[in-house]
Amino acid sequence: MREQYRAPDAVPAGAWTWAAPWGQTFVLALVQSTLPGVVQARAELWLADEGAVILLGRSDVMPSVAELGAFAFDDLTGDGLPDFLGYVADSAGVAYPVFVRGARGQMSDELEQAASGWRFAVDAEHAPRVVMGPRGACALQLWAEEPANGGEAGAWRYLPLLASGRLGAPAALPPDCP
């Protein structure tokens with residue numbers, strides 16, 4: 001993978017792999033800036049297949065990223081590409097969860113879109129989880145430290161995985177998983 005990064009302004013700082021049931025291997029790389037004073041990163045999804053390495057998609061630039069950690073890297077949306085449920089932390093250790101759906105082209109943080117204004121925990125006691133149903137992943141469970149628009153703080157919230165691969169709005173009760 002390091003061979004793919006020859007520019008002097010970015011370096012791969014971490015990676016996760018997912019072996020698809022049909023034999024292909026996917027790699028999610030954390031690419032960080034090497035420019036002095038610029039602390040930012042992005043995630044890139046690669047397909048490593050029969051000696052070839054192909055860039056499939058990349059996330060938006062995430063500012064102030066010193067660390068990216070994973071809770072799950074798997075095909076949670078059922079579209080054949082792995083999705084990343086993890087966290088981003090800055091150099092001061094302030095962390096927030098992210099859900100980057102695997103996609104060809106541009107990838108974005110789906111939590112930011114589905115739960116704008118919410119603040120979720122990522123500590124060991126309140127780590128985000130994948131809610132499984134009979135057919136696979138059906139929701140994400142996150143601990144709400146500060147909910148948007150009022151509501152109860154310090155409670156679990158559930159964001160359903162919709163048929164489109166997007167996330168639904170946070171709800172107090174877990175969804176009925178089909």
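From a predicted model like this one, the values you see are computed outputs, not experimental measurements.
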Worksheet item: Can you tell me how far CG of Leu159 sits from CH2 of Trp118, rounded to the nearest 0.5 angstrom?
Response: 8.0 Å
Practice prompt. Please report the shortest heavy-atom distance between Cys177 and Pro134, naming the atom on each side.
Written response: O-CD, 3.8 Å
Practice prompt. Applying side-chain hydrogen bond (donor to acceptor under 3.5 Å, both in side chains), name anything that partners Tyr96, two or more places apart in sequence or on another chain.
Written response: none
Discussion item. Using 0.5 Å steps for rounding, measure from the CE atom of Met62 to the CG atom of Leu30.
Written reply: 6.5 Å
Worksheet item: Is Val61 reachable from Val88 through a run of hydrophobic residues whose side-chain heavy atoms are each under 4.5 Å from the next?
Response: no
Item to complete: Any salt bridge (Lys or Arg N to Asp or Glu O under 4.0 Å) involving residues 77-89? Give me the pairs, sequence neighbours left out, ordered by first then second residue.
Response: none
Item to complete: Indicate the ring-plane relationship of His126 and Trp143, choosing parallel, tilted or perpendicular according to the 30° and 60° boundaries.
Response: parallel
Fill in: With Trp18 via side-chain hydrogen bond (donor to acceptor under 3.5 Å, both in side chains) - residues at least two apart
Asp74
Discussion item. I'd like to know if the side chain of Asp109 reaches the main chain of Phe99, judged simply by a donor and an acceptor atom lying under 3.5 Å from each other, with no hydrogens or angles considered.
Written reply: yes
Worksheet item: Which distance, rounded to the nearest 0.5 Å, do you find between the CG of Leu28 and the CE of Met107?
Response: 6.0 Å
Discussion item. Quick check for you: to the nearest 0.5 Å, what is the distance between Leu55 atom CG and Leu45 atom CG?
Written reply: 8.0 Å
Worksheet item: Rounded to the nearest 0.5 Å, what separation is found between the CH2 atom of Trp46 and the CD atom of Glu44?
Response: 6.0 Å
Worksheet, complete the sentence: Distance col, row Arg101:CZ vs Leu85:CG, nearest 0.5 angstrom, shows 14.5 Å
